[in-house]
Every structure is written in structure tokens, then in C-alpha cells.
Amino acid sequence: MTDLLLKHTDENGITTLTLNQPDRRNSLSMAMLGALSDALKVLATDDTTRVVVIAAAGKVFCAGHDLKEIREELDSNEFQLALFRRCSAVMQQVVNLPKPVIARVAGVATAAGCQLVASCDLAVAADSARFATPGVNIGLFCSTPMVALSRNVSRKHAMEMLLTGELISAARAEQLGLVNRIVDETLLDETVYTMARTIAEKSGHTLKIGKGAFYRQLEMSLSDAYDYTAEVMAENMRADDAREGICAFLDKRKPDWKDC
């Protein structure tokens, strides 16, 4: 793991990936995106990890792409396309990761940083956090961040953020559905890791099935979604953990998950 991205796994199987370039506002440079991509590839098959937390060092969660890096390659369409494609691929890695991902947001999350929050399965923010998709202010519409944003909040609220570029408060972000909870910054870690531990206690196999099915059915018609999820549940019932969970519930005991 590079110094750009710190990785730590605790005894509960919770792995924290910390964006660690506060002097560059934890921007999603090519290097940072590469470090994130590499880490997510490893975590996808890491049996010791049950939940992933994405956090950031310093006072800014993530300010989006590194504009200094972009300016250095301003005349290179090849670089620009590679950058936005790499970022888009990383966001899809977060969504497709077979483990739940929680964003721990302190400070500002803007542009691709806001996109990263929206791409995570859950998000907990300090009450002082702020969010924006401000690309319109510099002549670069937040078109790729819009993909994740528009899948989390309503169309009109997404368009308001995209067209005005204005910062919104953590309270407003919670109202819009961009984050799950807001807490005093002193309680941020406690809230994030209590949530992570609660999830980590579940069957990893079941979480994998459920997360994958959730995102897939979102793109289906109502009828197709029900047909698909009925098949998913029937297949899920064949898993050892489903049988164990049902028996444990009826026997009034704690289940012994085998993650299979």
C-alpha cells in the first residue's frame, strides 16, 4: 500500500482505507485512483475483510480530481479520457465490491469526492461536513459525478447541485439521501465503526448476495426485479448460512456463520 492510501484491518474484519494526501486535499489523482483500485482488487477476495470503510486524513475528505495534474495535461485529450475512465472504473469497483462499503466523511467532499461518497453503500458524515458538485463553476460540468449522484438523490435535487455548484450542509445531504447519518465530529468514529461492526456480524456470503442483487434489480422493471429477486432468494436458501440462520433463530441461539 502506498503512502497515498493507508490500509488497516481490525479484529472485527473491518478494513479502513484512508486517503492520505491532505496537503493535496486528498484529490483523486491518477496515482490515488491507482492505489484505490489496487486496494479494492485485493479486498474483493480477502476473506479476512467483511466491511470496508473509506476515510480521509486531514480536514478535507476529498476535493475531487487534482486540478494541478489536469492543468499539466490540459492539451492531452488522451490523458483526460484515461483519467475519467479510471475514476469511473474505481467507482464501479466500489459498487461491485462483494463487501459493504461505508464512507466516513469529515470535512468537504466535492466533485469526484462527492461521487465517491455517493458510490459507497452507506455514508456517515460529521455535522460540519459539506458536499458539492462544483464543476460548473470552472467550466467543467460534473458529468461523471452526476452518475453516482443521480442514483442517490432525486433528479431535481441532483440537477440543483449540478447546475448551481453550491455547497450543501451535512444536514441537507442527509435530507436528500446522500448520507445515512450525521453526527457530531467527536462521535464520527464511534458511529461509523458501530455500524460497521453490526454489519460485520452478519454472514459474509449473505451480504455478498444481497449487495449484488440490490444494485442489479435497481436497473430492472418492477416485474423483472421481482422475478430476479425471487430466484436470488431461492438460491440463497440453498446456502449453508441461510439454513444455519433459520435454525439459530428458531432455536433462540446465535448463528455460527460459515460464509457459504
Checklist line | Rounded distance [0.5 Å steps], OG1 in Thr16 versus CZ in Arg104 | finding: 9.0 Å

Checklist line | Under 3.5 Å side-chain donor-acceptor pair for Ser37 and Gln93 | finding: yes

Note to self: Can you confirm whether Ile14 sits close enough to His8 that some side-chain heavy atom of one is under 4.5 Å from a side-chain heavy atom of the other?
What the structure shows: no

Item checked: Set of residues satisfying side-chain contact (heavy atoms from CB on, under 4.5 Å) with respect to Thr229, sequence neighbours excluded -> Gln217, Tyr226

Check: Who are the ring pair (Phe, Tyr, Trp, His ring centres under 6.0 Å) partners of Phe84, not counting sequence neighbours?
Finding: His65

Check: Is there a side-chain contact between Val108 and Leu167 (heavy atoms, below 4.5 Å)?
Finding: yes

Check: For atom CG of Asp23, is the number of surrounding heavy atoms from other residues, nucleotides or ligands below 6.0 Å larger than 12?
Finding: yes

Checklist line | Test side-chain contact (heavy atoms from CB on, under 4.5 Å) applied to Leu40 and Val90, step by step | finding: CA-CA 8 Å; Leu40 291 169; Val90 169; 4.2 Å; yes

Note to self: Do Leu36 and Leu4 have side chains that approach each other closer than 4.5 Å (heavy atoms only, starting at C-beta)?
What the structure shows: no

Note to self: Can you list everything that forms a side chain to side chain donor-acceptor pair (under 3.5 Å) with Arg71? Sequence neighbours excluded, please.
What the structure shows: none

Margin query: Quick test of your reading of the model: are Asp66 and Lys68 salt-bridged, counting only N-O distances below 4.0 Å?
Written below: no

Item checked: Shortest non-hydrogen contact from Ala196 toward Val53 -> CB-CG2, 4.4 Å

Notebook entry, point to check: Can you tell me how far the CG atom of Asn26 sits from the SG atom of Cys62, to the nearest 0.5 Å?
Noted result: 6.5 Å

Checklist line | Non-hydrogen side-chain atoms of Arg216 and Val232 separated by less than 4.5 Å | finding: no

Margin query: Measuring from atom OG1 of Thr191 to atom CG of Asn180, what distance do you get when rounded to the nearest 0.5 angstrom?
Written below: 11.5 Å

Notebook entry, point to check: Taking only residues two or more places apart in sequence or in another chain, which ones pass side-chain contact (heavy atoms from CB on, under 4.5 Å) with Leu250?
Noted result: Ile246

Item checked: Pairs touching residues 20-43 that satisfy ring pair (Phe, Tyr, Trp, His ring centres under 6.0 Å), sequence neighbours left out -> none

Note to self: I'd like to know whether Leu207 forms a side-chain contact (heavy atoms from CB on, under 4.5 Å) with Ile199, so could you lay out the CA-CA distance, the side-chain angles of the two residues, the decisive distance to 0.1 Å, and finally the verdict.
What the structure shows: CA-CA 9 Å; Leu207 293 174; Ile199 296 170; 3.8 Å; yes

Check: Under 4.5 Å between any side-chain heavy atoms of Glu244 and Asp256, yes or no?
Finding: yes

Checklist line | With Asp224 via side chain to side chain donor-acceptor pair (under 3.5 Å) - residues at least two apart | finding: Ser221

Notebook entry, point to check: If you take all heavy atoms of Met161 and Cys114, which pair is closest and at what distance?
Noted result: CE-SG, 4.3 Å

Notebook entry, point to check: Between the side chains of Ser128 and Glu185, is a donor N or O closer than 3.5 angstrom to an acceptor N or O?
Noted result: yes

Next item on the list: With rounding to the nearest 0.5 Å, note down the distance linking SG in Cys120 to CD1 in Ile102.
Entry: 9.0 Å

Margin query: Would you compute the distance between atom OG of Ser27 and atom CG of Leu67 and round it to the nearest 0.5 angstrom?
Written below: 8.0 Å

Note to self: Can you list everything that forms a side-chain contact (heavy atoms from CB on, under 4.5 Å) with Arg243? Sequence neighbours excluded, please.
What the structure shows: none

Check: Taking atom CE of Met159 as the centre, does the number of heavy atoms from other residues, nucleotides or ligands within less than 6.0 Å exceed 12?
Finding: no

Check: More than 12 non-hydrogen atoms from neighbouring residues, nucleotides or ligands closer than 6.0 Å to CZ on Phe249, yes or no?
Finding: no

Checklist line | Atom pair OG/CG of Ser119 and Leu97 - distance to nearest 0.5 Å | finding: 12.5 Å

Notebook entry, point to check: Closest approach of Pro22 and Ala57, non-hydrogen atoms and distance?
Noted result: CB-O, 3.7 Å

Next item on the list: Provide the full list of ring pair (Phe, Tyr, Trp, His ring centres under 6.0 Å) pairs with a residue in residues 140-185, sequence neighbours left out, each pair given once.
Entry: none

Margin query: Ignoring hydrogens and geometry beyond distance, is a side-chain donor-acceptor pair present between Arg24 and Gln21 at under 3.5 Å?
Written below: no

Next item on the list: Would you indicate whether the side-chain heavy atoms of Arg86 and Met30 approach each other to under 4.5 Å?
Entry: yes

Margin query: Show the nearest heavy-atom pair for residues Gln80 and Ile70, with the distance to one decimal.
Written below: NE2-O, 3.7 Å

Note to self: Among Val95, Val94, Leu122, which residue satisfies the side-chain contact (heavy atoms from CB on, under 4.5 Å) criterion with Val101?
What the structure shows: Val94

Next item on the list: Output all residues satisfying side chain to side chain donor-acceptor pair (under 3.5 Å) with Thr48, sequence neighbours left out; order by chain, then residue number.
Entry: Asp46

Next item on the list: Kindly work out whether a path of hydrophobic side-chain contacts (I/L/V/M/F/W/Y, heavy atoms less than 4.5 Å apart) joins Val60 to Leu33.
Entry: no

Margin query: For Val51, is there any backbone N or O sitting under 3.5 Å from a side-chain donor or acceptor partner on Thr49?
Written below: no

Check: Under 3.5 Å, side chain of Arg151 to main-chain N/O of Val147, donor-acceptor pair present?
Finding: yes

Note to self: Quick check: do Phe214 and Asp121 have side-chain heavy atoms less than 4.5 Å from each other?
What the structure shows: no

Check: Any sub-3.5 Å donor-acceptor pair from Arg50's side-chain atoms to Ala200's backbone N or O?
Finding: yes

Margin query: Does anything in residues 10-55 form a ring pair (Phe, Tyr, Trp, His ring centres under 6.0 Å)? List the pairs, not counting sequence neighbours.
Written below: none

Next item on the list: Report the C-alpha separation of Leu19 and Leu5 in whole Å, then their side-chain angles, then the decisive distance to 0.1 Å, and conclude whether the side-chain contact (heavy atoms from CB on, under 4.5 Å) test is met.
Entry: CA-CA 5 Å; Leu19 308 182; Leu5 186 70; 3.8 Å; yes

Checklist line | All pairs passing side-chain hydrogen bond (donor to acceptor under 3.5 Å, both in side chains) where residues 196-210 contributes a residue, at least two apart | finding: Thr194-Arg197, Ser203-Thr206, Ser203-Asp241

Item checked: Closest contact, heavy atoms only, Leu178 versus Ala118 -> CD1-CB, 3.8 Å

Checklist line | Student check: side-chain heavy atoms of Leu163 and Val136 closer than 4.5 Å | finding: no

Check: Should Thr144 and Cys87 be marked as a side-chain contact (heavy atoms from CB on, under 4.5 Å) after you check the CA-CA gap, both sets of side-chain angles, and the distance that decides it?
Finding: CA-CA 9 Å; Thr144 47; Cys87 185; 5.7 Å; no

Item checked: Partner residues of Ala109 under the side-chain contact (heavy atoms from CB on, under 4.5 Å) criterion, sequence neighbours left out -> Phe61, Val105, Val117, Phe131

Check: Where is the tightest heavy-atom contact between Val179 and Ala170, given as atom of each residue plus distance?
Finding: CG2-O, 4.2 Å

Check: When hydrophobic residues are tied together by side-chain contacts of less than 4.5 Å, even through go-betweens, does Met91 share a cluster with Met146?
Finding: yes

Next item on the list: Give the cluster check for Leu149 versus Ile182: same hydrophobic cluster or not, with ILVMFWY residues linked at side-chain heavy-atom distances below 4.5 Å.
Entry: yes

Check: Judged by atom type as modelled, is there a donor-acceptor pair below 3.5 Å linking the side chain of Thr133 to the main-chain atoms of Cys142?
Finding: no

Check: Is there a path from Leu140 to Leu28 through hydrophobic residues (I, L, V, M, F, W, Y) whose side chains come within less than 4.5 Å of each other?
Finding: yes

Check: Linking I/L/V/M/F/W/Y whenever their side-chain heavy atoms sit closer than 4.5 Å, directly or via other members, would Leu187 and Met195 fall into one cluster?
Finding: yes

